[in-house]
Amino acid sequence: MTSLSIVTVLILGLLCPCSADITAPGPPRDVNDLTLEVNELEENLAINQLAILHLLNRDPSDTMCERKSTMESEVQEELRHLREVVEECTTLREDHIKVQEDLRHLREVVEELRDHMKWKNFVDVGKFFHHEGKDFYVNKEQKMNWTDSRKWCQVRGGDLAQPTGDLNAFKQQVLQLILPNVGSASYEGAWIGGSDIASEGQWIWLSGTQLPNNFPWSDNQPNNSRGNEDCLEIYYKTDGTNNFYNDGPCTYPKYFVCEL
Ligand SMILES: *[C@@H]1O[C@H](CO)[C@@H](O)[C@H](O)[C@H]1NC(C)=O
Ligand SMILES: *[C@@H]1O[C@H](CO)[C@@H](O)[C@H](O)[C@H]1NC(C)=O
Ligand SMILES: [Ca+2]
Ligand SMILES: [Ca+2]
């Protein structure tokens, strides 16, 4: 079925479950209602037959016999027609259920594709890695201040990286992806999701939990240089000779690491 005819069947199923065969006006009737109606008519037929037999016993004329058989065949015809309608409704309802199932499945597929699309731009411009059960992405194409770095990650459904476990191993993974092979030696940085913006010296992750006591700061860091270093970065020399966790000035544009 094309998607258009699926939708058409769905709409017909919703608005008009018993289709055009039903001549009676009023709201669409349920299959169960119709089944009840057929049963009722069958009962009525039986009662009528009894009544007619009763009359025949009193006045067994040819006219009465004729009327009886005409009535009977009319009612039979009507019942046959109703049974057809009930069958048709049953079929339509089954179609309706099937189309609903198809739609539900399609929605799931769309959701799944959306999840993948969210990180499509990451695949285009960046690098992923895995650490302690989480996926991370290193943006080494664009430098942004800490706030905008965070926004960039959040727009894509993530946040700045808040790594756990072996944080030196985490740093090494970032450096492996970010270190250029050529160029002059200079210091660069990559923001991650920790800060002491809220209270000087109280370092917390974006989640609100404190950085662990054994956080592997460099010996003389964090030093809050010029009273203006409140954001957490991996600081590194581009020739690969030095790197460490450092507090840097949040307004500086730097590369950054997102978690997915
Ligand atoms: C403080 O840290 C910065 C990096 O954030 C570094 O450039 C500076 O040399 C450090 N200052 C001292 C006195 O260690
Ligand atoms: C971050 O950078 C953006 C764009 O340059 C700027 O509008 C914003 O004010 C900056 N925010 C901070 C906290 O530095
Ligand atoms: Ca500080
Ligand atoms: Ca510092």
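Only a predicted model underlies this, so the values are computations on that prediction, with no experimental measurement involved.
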Hey, is CD on Gln154 packed in by over 12 heavy atoms from elsewhere, all under 6.0 Å?
yes
What residues, two or more places apart in sequence or in another chain, satisfy side chain to side chain donor-acceptor pair (under 3.5 Å) together with Glu77?
Arg80
State, yes or no, whether a side-chain contact exists between Asp247 and Asp196 at a heavy-atom distance under 4.5 Å.
no
Pro253 side chain reached by Met144 side chain, heavy atoms, under 4.5 Å
no
Considering non-hydrogen atoms only, spot the tightest contact between Thr164 and Glu132 and give its length.
O-CG, 3.3 Å
CG on Asp230 to CD1 on Ile197, rounded to 0.5 Å
6.0 Å
Within residues 198-216 or reaching into it, pairs that qualify as salt bridge (charged side-chain N to carboxylate O under 4.0 Å, His left out) - sequence neighbours excluded:
none
As an exercise, state the distance from CG of Asp102 to CD1 of Ile97, rounded to the nearest 0.5 Å.
12.0 Å
For residues Trp146 and Ile192, report the shortest heavy-atom separation together with the two atoms involved.
NE1-O, 3.0 Å
Using the side chain to side chain contact (heavy atoms under 4.5 Å, CB included) rule, take Asp148 and Phe256 through it: C-alpha gap first, then chi angles, then the decisive distance, then the call.
CA-CA 10 Å; Asp148 276 9; Phe256 52 93; over 6 Å; no
Quick one: CD on Glu141 to CD1 on Ile178, what's the gap to the nearest 0.5 Å?
9.5 Å
Compile the donor-acceptor pairs under 3.5 Å between side chains in residues 212-223 and protein atoms, sequence neighbours left out, one pair per line.
residue, atom, partner, partner atom, Å
Gln221, OE1, Asn223, N, 3.2
Gln221, NE2, Asn246, OD1, 3.3
Asn223, OD1, Ser225, N, 3.3

CD of Gln162 to CG of Leu211: how many Å apart, nearest 0.5 Å?
9.5 Å
Hey, are the side chains of Val174 and Tyr236 touching, using non-hydrogen atoms and a 4.5 Å cut-off?
no
Any donor-acceptor pair under 3.5 Å linking the side chain of Arg156 with the backbone of Trp152?
yes
What's the shortest heavy-atom distance between Ser207 and Thr209, and which atoms?
OG-OG1, 3.1 Å
For the OH atom on Tyr252, are there more than 12 heavy atoms of other groups (residues, nucleotides or ligands in this structure) within a distance under 6.0 Å?
no
Calculate, to the nearest 0.5 Å, the distance between atoms CZ and SG belonging to Arg150 and Cys250 respectively.
12.5 Å
Is any side-chain heavy atom of Cys258 less than 4.5 Å from a side-chain heavy atom of Asn139?
no
Is any side-chain heavy atom of Glu108 closer than 4.5 Å to a side-chain heavy atom of Arg104?
yes
Pairwise distance CD1(Ile204) to CG(Leu232) - rounded to 0.5 angstrom:
11.5 Å
Pairwise salt bridge (charged side-chain N to carboxylate O under 4.0 Å, His left out) hits with a residue in residues 233-244, at least two apart
Glu233-Lys254
Step through the shown structure and confirm whether more than 12 heavy atoms of other residues, nucleotides or ligands are within 6.0 Å of NE2 on His105.
no
Phe136 meets the ring pair (Phe, Tyr, Trp, His ring centres under 6.0 Å) criterion, sequence neighbours left out, with Phe129, Phe170
Sequence-distant partners of Glu43, side-chain contact (heavy atoms from CB on, under 4.5 Å), two or more places apart:
none
Work out which heavy atom in Glu188 is nearest to a heavy atom in Tyr235; give both atom names and the distance.
O-CD1, 3.3 Å
Okay, side chain of Ser186, backbone of Thr238: is any donor-acceptor separation there less than 3.5 Å?
no
Side chains of Lys171 and Asn168: does their closest heavy-atom pair fall under 4.5 Å?
yes
Atom CD of Gln172 with >12 non-hydrogen neighbours under 6.0 angstrom
yes
Using the rule that two of Ile, Leu, Val, Met, Phe, Trp, Tyr join whenever any of their side-chain heavy atoms come within less than 4.5 Å, decide whether Leu175 and Leu167 are in one cluster.
yes
Any salt bridge between Glu87 and Arg83, counting N to O under 4.0 Å?
no
